[in-house]
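The chains referred to below are lettered A, B, ... by the order of the sequence lines, with proteins before strands, and numbering in each begins at 1.
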Number of protein chains: 2
Amino acid sequence: MNPRATIADIAKALNVTPATVSRALNDHPGISQETKKAVRKVAEKLQYKRNKIASSLRSGRSHMIGVIIPSAAINFFGEVVHGIEAMANTYGYTVLLYQSNELPDYERKGIEAFVSAGVDGVLASLAKGTVDFGHYLDLKRHNVPLVFFDRVNDELGIPSVVVDDFRGAYTATEHLIGQGYRRIGHIAGQQHLKIFKDRLAGYKAALEASGLPVEEKLIYQGDVSIESGRRAVRHFLELPERPDAIFAVEDYTALGAMKELKERKIQIPEEMGVVGFANEVFGEHISPGLSSIDQQPAQMGKEAFKLLLEMMEPRKEAVVALDQKRVTLAPIAFFRQSSARNGEGA
Amino acid sequence: MNPRATIADIAKALNVTPATVSRALNDHPGISQETKKAVRKVAEKLQYKRNKIASSLRSGRSHMIGVIIPSAAINFFGEVVHGIEAMANTYGYTVLLYQSNELPDYERKGIEAFVSAGVDGVLASLAKGTVDFGHYLDLKRHNVPLVFFDRVNDELGIPSVVVDDFRGAYTATEHLIGQGYRRIGHIAGQQHLKIFKDRLAGYKAALEASGLPVEEKLIYQGDVSIESGRRAVRHFLELPERPDAIFAVEDYTALGAMKELKERKIQIPEEMGVVGFANEVFGEHISPGLSSIDQQPAQMGKEAFKLLLEMMEPRKEAVVALDQKRVTLAPIAFFRQSSARNGEGA
DNA sequence: TTGAAAGCGCTAACAT
DNA sequence: ATGTTAGCGCTTTCAA
């Protein structure tokens, strides 16, 4: 209806200049308390809302950040966004969202949209298929701060936040050993993704630490899907010496494995223990409850934003070169019935 | 590094004026093909990217929309956002996201952030506790198009997209009757939310259509939580004549009911059939598989955006008064084992 | 088909 | 403590 009130309207009402009003609204030191109070009162009365667009154009800062995720329909990313958003809002930033749908082309489009919109920084989790990082490096070239989370690439000198996948996998495997399992198979994920490679490494390390052999036959190359979990089980069962437990690279893979095992009437956890990774919601509701490693998605989002904030609003004391900065969160184990041979499930 | 190229840079390179370049980039009719081609070539070479902020300030249109959801961590909303985003991108819009965390205060803050950012329109799903709609009406007053989805209020003359809750509940109940269940209990949700009221109504209507009595004792007032499902079962089992099936207002409620039933060794679906609502991911992975009603979240997001687009870019033929516009999606039933007394589960 | 000129609303030098 | 002035990069009349 009425055109929005501007700074000029307030200035007119108070017989001061727009500059004064602007300063008052921004709590500039050199403005008297009186004036500030008066300005705020009139602003309230006129329902003044700052025109961020004009402000951004002039100041070069938009107080918006862009977030690129593979898909908002994946629970994990939903929760990461939740964390980012919570943090961003408390610091006065607005979040632009873009989904890559796992397609590098969309990723590039998203970044262009962000640059075009003038974001002050970008948070991103890589699409599975991304191998060319040119669009991300463009951001760097234009001095737009960038932080990766979860699906990261560590060779570009871009700060990142991840969960300690190695340690998570190590903990999971160690737990299975502690429960008395001795032949532990692993359903692995695509090895060009660092997170999956790290999990495989953690699995191996745990075996070695316990003096158990690492057998290649017990490592099934899967692709993080329910079907791949089923296939892995079929493979394992055909072995002359089948495993007595499975550490799956991800919960859906573990789920597929469990389904196949159930259909073949193999008792979980008695005959076969199962541990997944990600602590998806369904894990605590299926039976037996699925043991898993939580990745702390909300916390990951918060840390990622904090890292980005340091880059967007650098403080003097800044110590470490920021492009060296890596935040690694501790994974949290949730052991349930699927791996409780000694009856110690949660 | 290098400051971003502007329209003026292109103009200089071609010995034309910025106005011409602007028109060429916007595919203005009165510009020669030659010029357009030349402009595009130079733009490419200089890696020119339109400064949306300047463009918005001048034109008054930002090509951004704001989306308010209760929480990105709730799968359903994640998927709605997915749908919105997909549609928005194909039409050249960018999505701003804000989470209310179910708090009306955050909702208001979100709207202020959006107004301030100059969005062209807003999509919103109400926080549970929202009873004062002043902030939403403000948007209307300032001619910022607004569309509600899922958690809507129908008394404000604001267009909305919902799934047909009445019909979904009717279908679910009718299905139970078809499976031979005769005493069907309902675990209801908070009745001040229209979606839950509609589901109760659908349940009642289906009973009546089959000549079955509606018994108040078989309607448990719950609050959409796992615990409330458990409580409902305890209540039902204490009745002199206990029900032989349960239609739960929502999947988590159904899950709670199933857990309680299992602990009491009551066979599902033989002794007690169960149907939920929402078709959450876990439903197909628990055993028995949970029958449920899908709300088509992605489709809901797409329809909501389309409605908003009509308001943001009205076409001449516009027929119906837009504030009367209601889109109702057909729910889709997924019947699984939890209600398959006749052995017809999916 | 193109140019000239003005201005969207705000902020930041520079002045006083 | 406040005013003056200029301009961010773009679009859009109006004019040629």
Side-chain angles (χ1 to χ4, degrees), chain A residues 2-40 42-43 46-64 92 112 115-120 142-143, chain B residues 2-40 42-43 46-64 92 112 115-120 142-143:
Chain A
N2 306 326
R4 272 169 58 188
T6 73
I7 245 178
D9 298 326
I10 302 178
K12 208 174 296 170
L14 290 170
N15 265 319
V16 293
T17 60
T20 303
V21 175
S22 171
R23 285 190 272 246
L25 290 170
N26 290 318
D27 210 20
H28 189 97
I31 292 284
S32 73
Q33 286 307 320
E34 268 185 294
T35 310
K36 283 183 188 172
K37 219 174 275 177
V39 166
R40 281 197 267 262
V42 178
L46 299 183
Q47 299 204 52
Y48 170 82
K49 301 208 171 53
R50 180 206 311 277
N51 183 330
K52 263 197 153 194
I53 290 176
S55 167
S56 300
L57 180 59
R58 178 63 236 240
S59 67
R61 314 226 33 238
S62 65
H63 282 265
M64 295 191 302
E112 278 177 17
V115 169
S116 198
V119 298
D120 293 341
H142 287 294
N143 280 326
Chain B
N2 305 325
R4 273 169 57 190
T6 73
I7 245 178
D9 298 326
I10 302 178
K12 209 174 294 169
L14 289 170
N15 265 318
V16 292
T17 59
T20 303
V21 175
S22 171
R23 286 190 271 246
L25 290 171
N26 291 318
D27 210 20
H28 188 96
I31 292 284
S32 73
Q33 287 307 321
E34 267 184 296
T35 310
K36 283 183 188 172
K37 219 175 276 178
V39 166
R40 281 197 267 261
V42 177
L46 299 183
Q47 300 203 52
Y48 169 81
K49 299 204 173 56
R50 180 206 312 278
N51 183 330
K52 263 197 153 195
I53 291 177
S55 167
S56 301
L57 179 59
R58 180 60 235 245
S59 69
R61 315 228 29 241
S62 66
H63 282 266
M64 296 192 301
E112 278 176 16
V115 168
S116 197
V119 298
D120 293 341
H142 287 295
N143 280 327

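Residues meeting the side chain to side chain contact (heavy atoms under 4.5 Å, CB included) test with B/S62, sequence neighbours left out: A/I53, B/S56, B/M64, B/D120. Listed by chain and number, the residues in a side chain to side chain contact (heavy atoms under 4.5 Å, CB included) with B/A43 are B/I10, B/L25, B/Y48 (sequence neighbours excluded). In this structure, the side chain to side chain contact (heavy atoms under 4.5 Å, CB included) partners of A/T6, at least two apart in sequence or on a different chain, are A/A8, A/D9. In terms of the side chain to side chain contact (heavy atoms under 4.5 Å, CB included) criterion, residue partners of A/R23 (sequence neighbours excluded) are, by chain and number, A/A19, A/H28, A/I31.
Counting only residues at least two apart or on different chains, no salt bridge (Lys or Arg N to Asp or Glu O under 4.0 Å) pair has a member in residues 47-57 of chain A. Applying the salt bridge (Lys or Arg N to Asp or Glu O under 4.0 Å) rule to pairs touching residues 26-37 of chain B yields B/D27-B/K36, sequence neighbours excluded. Listed by first and then second residue, the salt bridge (Lys or Arg N to Asp or Glu O under 4.0 Å) pairs involving residues 13-22 of chain B amount to none (not counting sequence neighbours).
For A/K49 and B/G30, each mapped to the nucleotide of DNA chain C holding its nearest heavy atom, the one lying further toward the 5' end belongs to B/G30.
Atom CG of B/N51 and atom CG of A/L57 lie 6.5 Å apart (nearest 0.5 Å). Here the CG atom belonging to B/N26 is positioned 9.0 Å from the OG atom belonging to B/S59, to the nearest 0.5 angstrom.
Of all nucleotides in DNA chain D, those with any atom nearer than 4.0 Å to a heavy atom of chain B start and finish, going 5' to 3', at D/dG9 to D/dT13. First and last contacting nucleotides of DNA chain C toward chain B (any atom under 4.0 angstrom from a heavy atom, 5' to 3' order): C/dT1 to C/dG9.
When each of A/T20, A/I7, A/L14 is tested with A/V39 by the rule side-chain contact (heavy atoms from CB on, under 4.5 Å), just one qualifies, namely A/L14.
Defining each end axis of the helix from C/dT1-D/dA16 to C/dT16-D/dA1 as the rotation carrying four pairs' C1' atoms onto the next four, with five pairs an end, the two axes are found to diverge by 30° to 10 degrees.
Within residues 50-63 of chain A, the residues approached by DNA chain D to less than 4.0 Å at the level of any non-hydrogen atom are A/L57, A/R58, in residue-number order. The stretch residues 16-26 of chain A comes close to DNA chain D through A/V16, A/T17, A/A19, A/T20, A/R23, each having a heavy atom under 4.0 Å from the strand.
Residue A/N15 is classed as a sugar-phosphate contact, given heavy-atom separations below 4.0 Å to backbone atoms only.
Side chain of B/S22 to main chain of B/P18: no donor-acceptor pair is present (N/O by atom type, distance under 3.5 Å, no hydrogens or angles).
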